[in-house]
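Let me begin by presenting the structure, written as structure tokens, before commenting on it.
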Amino acid sequence: MKIDSSLNHLTPADPENQRTILVVDDEKNVRNYLSKLIEREGHKAVLCHDGSCGLEKLQNGGIDLLITDLRMPGMDGLELIEKVRMFDKEMDIIVITGFGTMEIFIEAMRLGACDFIIKPIERDQFLRAINRSFAKKSLTERLVARTQQLVQSEKMATVGVLSTGIAHEINNPNTFIRTNLQLMSEYIKRLKPRLEDINNAKNAESVRNIILTEFPQMINEALKGTDRIQKIVSGVKHYAYKSEGMLDEDVDIREVIAHAVSLVRAKLRQHITISESYLNLKEIKGDFSKLEQVFVNLLINAADAIEDKVKEMRALGDEGFKGLVDVSATIIEGDELNNEVTPDFLVLTFQDNGTGISKDKLTRVFDPFFTTKSVGVGTGLGLYICYEIIKQHGGAITVQSTKGEGTAFIIKLPVKGAAAETKKNAENNTPDHV
Ligand SMILES: Nc1ncnc2c1ncn2[C@@H]1O[C@H](COP(=O)(O)OP(=O)(O)OP(=O)(O)O)[C@@H](O)[C@H]1O
Ligand SMILES: [Mg+2]
């Protein structure tokens, strides 16, 4: 989007930058004047004479910016802002105010207005205000798009890290499929002379045994191998799949953990045991693929910390150290306390007995690009992305760690998903813009 530095405003909008602005004012000449300014800038104006009309237009959607007068007969500007904020927390709202209405103006800002224009309205003042709003909106949109890109590229980087392990994992079952097929072909060679003399009772018995007992066992083993490969491939496909950010799938958390574990299995195998415990589980609302990305990150971090611990212990002459990662999940049922209903939560912990994290680093682990791994090994984005994904789900992720003993990541997710949290916030009506 182009910015005209003299006025700090967008040059007349080409169609892709065109926005729709709703003007709510009871004075016809103000509406007409603003409508002209808006259209001259290449945007579209929608006009309303009071709050109820404005509310209806906003509910129908398609409005990018609301400009409203405060004093109007019928539904006034304050009531309109209050009602809009109940269903739209993001809408930019500019209020039109006179010098004599400071108290109402402050109330409007408290309710969620973002900017103001003072009457009598001057062209430059007005254009600056709307262009500030659009520049902010376009920055936010770019930030959201950038975060999505970051999530996807971190995911792809993890697929890269995992690929050596995955190749190894696929090689194993492939070896036993191949061995069983080779064996079957050997047996078929041996069957031939026996089939030619099938009247011999000993030959008949041996053929029978090979066809009815040995072959089914070999076929079974080979099928298990193909199953294993299919699972690994579908795991990678699932993981690499670019989620559209919908957070309303019914998600079975056990299944997500199983997917994540099978993806990192190769890295976890040598000295590491992974145990899972589940209590009182039910499906939650969320995004399978994004949650899987979180769990894969946490498991890889745990595996790395254990590898480091194994090296430390070996240097001290202890060869027998066993790494443990314990994953547990439980639902904490909601409660009714003092008439306030708290929703059901899923609590997940990923606990390892790796190196642990020193106190000075503990506060930085969720920062983007914070890593203690060597260049080219860690990007330092893993936990930042986990934090963002859990936040998008309306949840929280925290860490507890003791240097030398191990680390636990604790995730709290609303069972009903991010929507439940949004609704709760709307009910509490705590504006973000005070
Ligand atoms: N389970 C853990 N045990 C010990 N240290 C950990 C653990 N998890 C994270 N850390 C520390 O937090 C840092 C940041 O982790 P994060 O996952 O964000 O990045 P990374 O693992 O270094 O790189 P990547 O972007 O590849 O994930 C790690 O470098 C490590 O020092
Ligand atoms: Mg990591």
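Counting convention: from 1, in listed order, for ligands and their atoms alike.
Note: an N/O pair closer than 3.5 Å links G380 and ligand 1 by distance alone. By the 3.5 Å distance cut-off applied to N or O atoms, L381 is counted among the residues near ligand 1. Polar contact with ligand 1: present for T372 (N/O pair, distance under 3.5 Å). Remark: ligand 1 and N297 share no N or O pair separated by less than 3.5 Å (distance only, no angle test). Not one N or O of A305 is nearer than 3.5 Å to an N or O of ligand 1, by distance alone.
Proximity to D352 (heavy-atom distance under 4.0 Å) selects the following atoms of ligand 1: 1 (N), 2 (C). Shown in contact with T371 at under 4.0 Å from a heavy atom are these atoms of ligand 1, numbered in order with element: 20 (P), 22 (O), 29 (O). Heavy-atom contacts of F409 reach the following atoms of ligand 1: 1 (N), 8 (N) (cutoff under 4.0 Å).
At a cut-off of 2.8 Å, N297 is not counted among the residues with an N, O or S atom near the Mg ion (ligand 2).
K290 and Q392 are linked by a side-chain donor-acceptor pair at a separation below 3.5 angstrom, with hydrogens and angles left out of the test. A side-chain donor from one of S275 and D326 sits under 3.5 Å from a side-chain acceptor of the other.
In this structure, T68 and I93 approach most closely via the heavy-atom pair CG2-CG2, 4.2 Å. Closest approach of K309 to G354, counting heavy atoms only: NZ-O, 3.7 Å.
In this comparison of K373, K361, K403, the heavy atom closest to atom 21 (O) of ligand 1 sits on K373.
Both the backbone and the side chain of L383 come within 4.0 Å of ligand 1, judged by heavy-atom distances.
Ring-plane geometry between F366 and F409 is classed as perpendicular, the angle between the planes exceeding 60 degrees on a 0 to 90 degree scale with a lower cut at 30.
I63 CD1 to L22 CG: the interatomic distance, rounded to the nearest 0.5 Å, is 4.5 Å. Rounding to the nearest 0.5 Å places CD of Q18 at 9.5 Å from CD1 of I21. Between I253 atom CD1 and F288 atom CZ the span is 8.5 Å, to the nearest 0.5 Å.
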